[in-house]
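Following: one structure in structure tokens, then a few remarks.
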Amino acid sequence: MSVKLEKSWLDVLGDEFDRAYMKTLKAFLLKEKQNGATVYPKSADIFNALDHTPFDKVKVVILGQDPYHGTGQAHGLSFSVQKGIAIPPSLKNIYKELSGDIPGFKVPAHGDLTKWADEGVLLLNATLTVRAHEAGSHQGKGWEIFTDMVISKLSEQREGLVFLLWGRYAQNKAELIDGKKHTVLKAAHPSPFSAYNGFFGCAHFSKTNEILIKEGKSPVDWQII
């Protein structure tokens with residue numbers, strides 16, 4: 001398969017695109033298109049997380065589950081929405097936690113987290129596509145095999161990364177991460193249904209920067225402009 005992907009990731013993951021599961025996934029996505037289904041995000045944005053955060057530049061990983069399935073929301077970064085789109089509830093809660101955790105943080109007027117991605121925060125969803133207005137519709141089609149490989153390669157070939165695992169689904173991915181080489185921080189999901197059960201007050205953003213500094217890496221500027 002010919003895939004347009006940021007070079008450092010293509011070097012690490014290129015063989016995945018020739019595996020049977022990926023060919024099956026490609027056939028499924030083509031069938032969706034042929035059947036007239038609208039799929040988010042648009043094709044050019046499916047690998048946005050990898051394209052904005054090269055393999056050797058990753059410092060932090062924030063794992064989501066599915067892309068947003070509403071019109072114009074998803075653009076390939078977990079928890080992020082395009083400018084001009086209403087900020088989703090989970091992201092509002094992320095901003096609320098940042099306001100209490102990072103001195104001087106000001107809640108932005110939009111939900112585009114591209115700045116974080118460009119700073120080394122890999123905003124990775126476990127499933128990279130979804131059918132419009134049908135949550136979870138592309139789960140179990142092969143994306144999880146691919147994104148598990150992303151996590152595994154980071155764990156194996158990098159050191160001193162910080163993985164932020166929010167909610168049970170993300171926390172189940174901890175088994176892919178070498179806890180002796182990396183830091184895994186766990187909390188409740190920022191969804192309104194669970195944020196008060198351990199996401200608020202987790203201080204993951206300040207803790208992440210403390211860890212990065214100890215690892216000799218630059219901290220993340222969490223402020224979104």
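The first residue of the sequence shown is numbered 1, and numbering continues consecutively from there. Keep in mind that what you see is a predicted model, and the values were worked out from it rather than measured.
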| Would you call the rings of W116 and F205 parallel, tilted or perpendicular if under 30° counts as parallel and over 60° as perpendicular? | tilted
| task | Please confirm whether the backbone N or O of K181 pairs with a side-chain atom of R158, one donor and one acceptor, at under 3.5 Å? | result | no
| field | Any donor-acceptor N or O pair under 3.5 Å, side chains S155, D178 | value | no
| Do S194 and H189 have side-chain N/O donor and acceptor atoms under 3.5 Å apart? | no
| Whether Q139 side chain and T127 backbone form a donor-acceptor pair below 3.5 Å | no
| message | According to ring-ring contact (aromatic ring centres under 6.0 Å, His included), who are the partners of Y169, at least two apart in sequence or on a separate chain? | response | none
| field | CA sep, side-chain torsions, deciding dist, call: K7, D11, salt bridge (charged side-chain N to carboxylate O under 4.0 Å, His left out) | value | CA-CA 6 Å; K7 185 181 183 304; D11 290 343; 2.9 Å; yes
| message | Between K173 and L63 (side chain of the first, backbone of the second, donor and acceptor by atom type, cut-off under 3.5 Å), is there such a pair? | response | no
| Relative to the ring of F105, is the ring of Y95 parallel (under 30°), tilted (30 to 60°) or perpendicular (over 60°)? | tilted
| field | Nearest heavy-atom neighbours spanning S80 and G111 | value | OG-O, 3.2 Å
| remark: The ring-ring contact (aromatic ring centres under 6.0 Å, His included) partners of H52 (sequence neighbours excluded) come to none
| Can you list the residues that meet the side chain to side chain contact (heavy atoms under 4.5 Å, CB included) rule with T208, with sequence neighbours excluded? | V60, V162, L164, L185, L212, W222
